[in-house]
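The shown structure was predicted, so the numbers you read here are calculated from the model rather than taken from an experiment. Throughout, a chain's letter reflects where its sequence line sits, starting with A, and its residues are numbered from 1.
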4 protein chains.
Amino acid sequence: MKNKNRDKHKRIINAATKIFAQKGFFQAKVADIAKEAQVADGTIYLYFENKDDILISLFEEQMNRVLEDMKTQVLKEEDAVKKIEKFAFNHLKLVELNKNVAEIIQVELRQSSKFMKEYKNEKFHEYLNLIGDIIKEGQKEGIFKEGIIPGIAKRAFFGALDEMSRFWVLSSRKKYDIETAAKQISDYFLTGLVNNSHQT
Amino acid sequence: MKNKNRDKHKRIINAATKIFAQKGFFQAKVADIAKEAQVADGTIYLYFENKDDILISLFEEQMNRVLEDMKTQVLKEEDAVKKIEKFAFNHLKLVELNKNVAEIIQVELRQSSKFMKEYKNEKFHEYLNLIGDIIKEGQKEGIFKEGIIPGIAKRAFFGALDEMSRFWVLSSRKKYDIETAAKQISDYFLTGLVNNSHQT
Amino acid sequence: MKNKNRDKHKRIINAATKIFAQKGFFQAKVADIAKEAQVADGTIYLYFENKDDILISLFEEQMNRVLEDMKTQVLKEEDAVKKIEKFAFNHLKLVELNKNVAEIIQVELRQSSKFMKEYKNEKFHEYLNLIGDIIKEGQKEGIFKEGIIPGIAKRAFFGALDEMSRFWVLSSRKKYDIETAAKQISDYFLTGLVNNSHQT
Amino acid sequence: MKNKNRDKHKRIINAATKIFAQKGFFQAKVADIAKEAQVADGTIYLYFENKDDILISLFEEQMNRVLEDMKTQVLKEEDAVKKIEKFAFNHLKLVELNKNVAEIIQVELRQSSKFMKEYKNEKFHEYLNLIGDIIKEGQKEGIFKEGIIPGIAKRAFFGALDEMSRFWVLSSRKKYDIETAAKQISDYFLTGLVNNSHQT
DNA sequence: TATGAATGAGAATTCATTCAT
DNA sequence: CATGAATGAATTCTCATTCAT
């Protein structure tokens, strides 16, 4: 019984993930999701309050998974530099493995402040703070410059990765492979664009 | 007559900018825009094909302005490093001055691939390429590392600035001032987070 | 312009009157009303907030008419006895002339306390009070017994007439004619059933 | 087993009585009734054909009780005058004791002709005929005027009582007590409003 | 050109009823 | 007999777009 419930809930979430990614929240019809999940339209409402609730639940659940994944991976690394590199690689990897989820989070999450005023996206902040914590740790260890403001740096780093993923998500084929992109981006942040050996 | 036309067109674009920023594209009603622009609902359709067209035109026109602005500003600087710094500052400045425009570009532009399949967002690519060109120029001059892939770096830099603006746009009050944020972000990209004087 | 608006408003009210009377409020579809009124479904919502609002407006407007009618008629009579008789006749006459309106007021009005909690049916109370006033007047003139409680008597009299109309409204053909019914009912109330010449 | 069945049937009827009275037939959900009766939604359909059938059964059963009650009480009285008085008092008493039943009969019964075309409300006519019989009896005995048409008078009397009950049922508190109201109403019908000692 | 009343297709949601367990 | 999860038909209301004035 519990299993079947779980199963249907999951089927709906998965269907919604696919449909929302395909069409976007507003253009996705509840009927589309039901069809994809192979349940009746009404069944959706046994598991979710309304259309908004599907999106919110989807966020929560997927973000939970992503968060766990990332935490585990990052903790494996010892120093802050490695952690940053790992984060970059992992983020892009996760995006590749969950294109639909990524697309929704990228595209629809941004609207959250519009259509779900009360919904505070805590999971997202947790995710951002993983970066913030690495930076603070790096500063404590003297590896990262003192002047860096973690609240800005975490966003900058996330934004860089995010824009890269968007590029992938929205274009059909990848121009650069994950390893390259991750290495490039973490390198920019770690050592900068400027050529140190160059003398002006 | 031509003037009057221009005037009404502009009034509608401005109204749409405000309304779209406020409610998002899908939740903004054409009637809302008409009201804000102080024209009749039907009048909108004398100047625009349909609702989508309002959004597209808005992008084009606003992006044109932004592009011109940015080009002029960046050209004033001599070397690539200064140009990067200027770009960062200017971008955030523009966001502050055109909160509504920024919000639309941030939130709604992302959906563009969804609801306007055929619309290729060239202006945005031009904007991105401003960064790409600075980087290439820097590389040519030997200031920037050779290994940097401009196609990736331009996105990373834009993404960093963009995430910062989103933070501003979506939160009501700014935690960091523009100068600080711009300096921080361009510094990350120019010289990295890593403390060079630190010996491991 | 004003005329056309009035016209459509009226057409919708009339259509609603017919449809509500035929099927009852809950089983009447807005689409039915629109069809009957020969307007598009959406047009209804230019003139009324929602389905409830149609019913409420209908009440208000029809009751206004009925109230005016009745006031004028009753005022023509001089003494309370004649007024009571006139009221009875007029009430039944109005019911006959506006079968649909009567049916709605009879059948649907009763539910008002259920689905429109906030709607205070003042018109109906005004109507009831027309009877109450006649009774008080009769008492003041010494024609009616002092012990009569107008608050009860007005309801009793109205109830008697109303039940009679319900009988007519719900059955297809009238068993008794209006004059007879009105005379009978007002006689019951004026002089009672008891045969005074009879000696126990 | 039979007992248990009866019990569940009764529980459902009682629950339905409460819920219908509270919300009205159309706004009452079968699930509400099931919950109130502490049975599963599906169980209802083991005892009743459908939602309509619940209402019809409810009428039948409750009206049977009311009818029996009233017959017994009225038969105790000897003459027609007393019987009328008794009927009035009893009716109002029954309404008070079974507010929910009264509310349903008052509000929902009126719609019966709409949603259950084939359902002929015989019990109600039996109830009405109790009054009719008293009147005929009174006429036979010479107590009541010959000119009175029982078919009209029974409705008038019932309507008067019914309107009074509606007033009670729909308002939260009673303004007049039962004895007063019953006495007033039966007096109106027995001896009329007109003051016989008054000389015009 | 400008208007805004009218249109009607479209979508979310509800809930009586069924049926596998 | 009892359950309650699942169904899907049905209905209200919205809003982009049109068109007569």
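- Taking atom CG of residue Asp53(D) and atom C1' of nucleotide dT17(E), one finds them 14 Å apart after rounding to whole Å.
- The CG-P distance, from Asp32(A) to dA12(E), rounds to 8 Å in whole Å.
- Among residues two or more places apart in sequence or in another chain, the side chain to side chain contact (heavy atoms under 4.5 Å, CB included) test is passed with Val30(C) by Ile44(C), Tyr45(C), Lys51(C).
- In DNA chain F, consecutive stretches of 3 or more Watson-Crick or G-U wobble pairs with both distances under 3.5 Å are given as paired ranges: E:2-21 with F:2-21.
- Rounded to a whole angstrom, the distance from the P atom of dT21(F) to that of dT1(E) is 22 Å.
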Each nucleotide of nucleotides 8-13 of chain F classed B (base within 4.0 Å of a protein heavy atom), S (only sugar-phosphate) or -, in 5' to 3' order, makes B--SSB
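- One finds no side-chain N or O of Lys8(B) lying less than 4.0 angstrom from the OP1 or OP2 phosphate oxygen of dT1(E).
- In this structure, Gln38(B) has no side-chain hydrogen bond (donor to acceptor under 3.5 Å, both in side chains) partners at least two apart in sequence or on a different chain.
- Between Lys23(B) atom NZ and dC15(F) atom C1' the separation is 12 Å, expressed in whole Å.
- The nearest whole Å value for the distance from the CD1 atom in Ile12(D) to the C1' atom in dC1(F) is 12 Å.
- Rounded to whole angstrom, the span from the CD1 atom of Ile54(B) across to the C1' atom of dA16(F) amounts to 10 Å.
- Contact between the side-chain N/O atoms of Tyr47(D) and the OP1/OP2 oxygens of dC1(F) is not found at any separation under 4.0 Å.
- Residues satisfying the side-chain hydrogen bond (donor to acceptor under 3.5 Å, both in side chains) test with Asp41(B), not counting sequence neighbours, are none.
- Atom CZ of Phe48(D) and atom P of dA16(E) are 15 Å apart (whole Å).
- Listed by chain and number, the residues in a side-chain hydrogen bond (donor to acceptor under 3.5 Å, both in side chains) with Asn100(D) amount to none (sequence neighbours excluded).
- Looking at Glu61(C) and Lys123(C), their side chains never come closer than 4.5 Å, going by heavy atoms from C-beta outward.
- When the side chain to side chain contact (heavy atoms under 4.5 Å, CB included) test is applied to Ala16(B), the partners found at least two apart in sequence or on another chain are Phe20(B), Ile33(B), Ile54(B), Leu58(B).
- Across the protein-nucleic acid pair, Ile44(A) atom CD1 and dC15(E) atom P stand 18 Å apart, rounded to whole Å.
- Going from atom NZ of Lys35(B) over to atom P of dG4(E) covers 12 Å, rounded to whole Å.
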- prompt: Would Met63(C) and Val101(C) count as a side-chain contact (heavy atoms from CB on, under 4.5 Å) if you check the C-alpha gap in whole Å, the side-chain angles of each, and the deciding distance to 0.1 Å?
  reply: CA-CA 9 Å; Met63(C) 282 303 285; Val101(C) 178; over 6 Å; no
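- Judged as a side chain to side chain contact (heavy atoms under 4.5 Å, CB included), and not counting sequence neighbours, the contacts of Asp53(A) are Phe48(A), Glu49(A), Asn50(A), Ser57(A).
- Legend: residues meeting side chain to side chain contact (heavy atoms under 4.5 Å, CB included) with Glu36(A), ordered by chain and number and at least two apart, are Ala15(A), Lys18(A), Ile19(A).
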